[in-house]
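Report on the following structure.
What you see is a predicted model, and the numbers here were worked out from it, not measured in a lab. Each chain gets a letter, A, B and so on, in the order the sequences are listed, and its residues count up from 1.
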Amino acid sequence: SQQGEEDPQALSIQEGENATMNCSYKTSINNLQWYRQNSGRGLVHLILIRSNEREKHSGRLRVTLDTSKKSSSLLITASRAADTASYFCATDTLQGAQKLVFGQGTRLTINP
Amino acid sequence: EAGVAQSPRYKIIEKRQSVAFWCNPISGHATLYWYQQILGQGPKLLIQFQNNGVVDDSQLPKDRFSAERLKGVDSTLKIQPAKLEDSAVYLCASSTTSHVKTQYFGPGTRLLVL
């Protein structure tokens, strides 16, 4: 079953604009990760945020985590055409075996 | 550092046929995962190995899917017999330990069942 739900399912913006994607989850987590998937490729890890962290930065990426609302957001600033991809959040839950549960993803299109 | 290798990249078979996928993880990675990704969805974990032992196979359809990781290095995933709904991308990933950290994914095998 899907733990994370990304919102929106699809997002189309102009190059240079900022892109924000949201992820909501249901059960308590150890950490939350964001991955990128280019068309026809495997997933690439972007960033991991632990349950006791509220914000994390990596280059043009900013991730926030609100455990009280069970939600996370991924912000990509100054978007580029190369950022066109699907973005997935994945949660490492406290329940059961430690494994990642992926959401449905947000399909991001950057228009030149 | 070489990434996760998978083969074949594409496979087309007819329903009720069998198919096998191969994965070679990053050298030294003890944990290996197989995921199924249906078009438009996120990856779903099928099976997780720690060295050559199974950690989690709760979502593996065991009546038709099997996987092994002999010698704790490369792994094969088999489907026999295949159904139309098995059409998907099969992703292999590896990580350093069974404690969830960053997973490194291969390019995937795209399976089409006709």
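Listed by sequence position, B/G106, B/P107, B/R110 are the residues of residues 106-114 of chain B in contact with chain A, using a 4.5 angstrom heavy-atom cutoff.
What you find for B/L91 and A/G42 is that their closest heavy atoms are CD2-CA, 4.1 Å. A/F88 and B/Q37 get closest at one heavy-atom pair: CZ-NE2, 3.5 Å.
Only the side chain of A/Q37 comes within less than 4.5 Å of a heavy atom in chain B; its backbone stays farther off.
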Show me the donor-acceptor pairs within less than 3.5 Å that the side chains of residues 12-25 of chain B make with the rest of the protein, sequence neighbours left out.
unit_1, atom_1, unit_2, atom_2, d
B/Q17, OE1, B/E14, N, 2.9
B/W22, NE1, B/D74, OD2, 3.0

Please list every donor-acceptor pair under 3.5 Å in which a side-chain atom of residues 13-23 of chain A meets a protein atom from a residue at least two apart or in another chain.
unit_1, atom_1, unit_2, atom_2, d
A/E15, OE2, A/A81, N, 3.4
A/E17, OE1, A/Q14, N, 3.0
A/N18, OD1, A/A78, N, 3.0

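Linking Ile, Leu, Val, Met, Phe, Trp and Tyr residues whenever their side-chain heavy atoms come within less than 4.5 Å places A/L65 and A/Y87 in a single cluster. The hydrophobic clustering, which links ILVMFWY residues whose side-chain heavy atoms are closer than 4.5 Å, places B/Y35 and B/Y10 apart. B/V89 and B/L45 fall within a single hydrophobic cluster, where Ile, Leu, Val, Met, Phe, Trp and Tyr side chains are chained together by heavy-atom contacts under 4.5 Å. A/L11 and A/W34 fall within a single hydrophobic cluster, where Ile, Leu, Val, Met, Phe, Trp and Tyr are joined by side-chain heavy atoms under 4.5 Å apart, directly or via other members. Put simply, B/V54 and B/L60 are part of the same group of oily side chains (I, L, V, M, F, W, Y) that touch within less than 4.5 Å, one to the next.
Put simply, NZ on B/K44 and CG on A/L100 are 16.0 Å apart, with the number rounded to the nearest 0.5 Å.
Take A/Y35 and apply the ring pair (Phe, Tyr, Trp, His ring centres under 6.0 Å) test, not counting sequence neighbours, and it matches A/H45, A/F102, B/F105.
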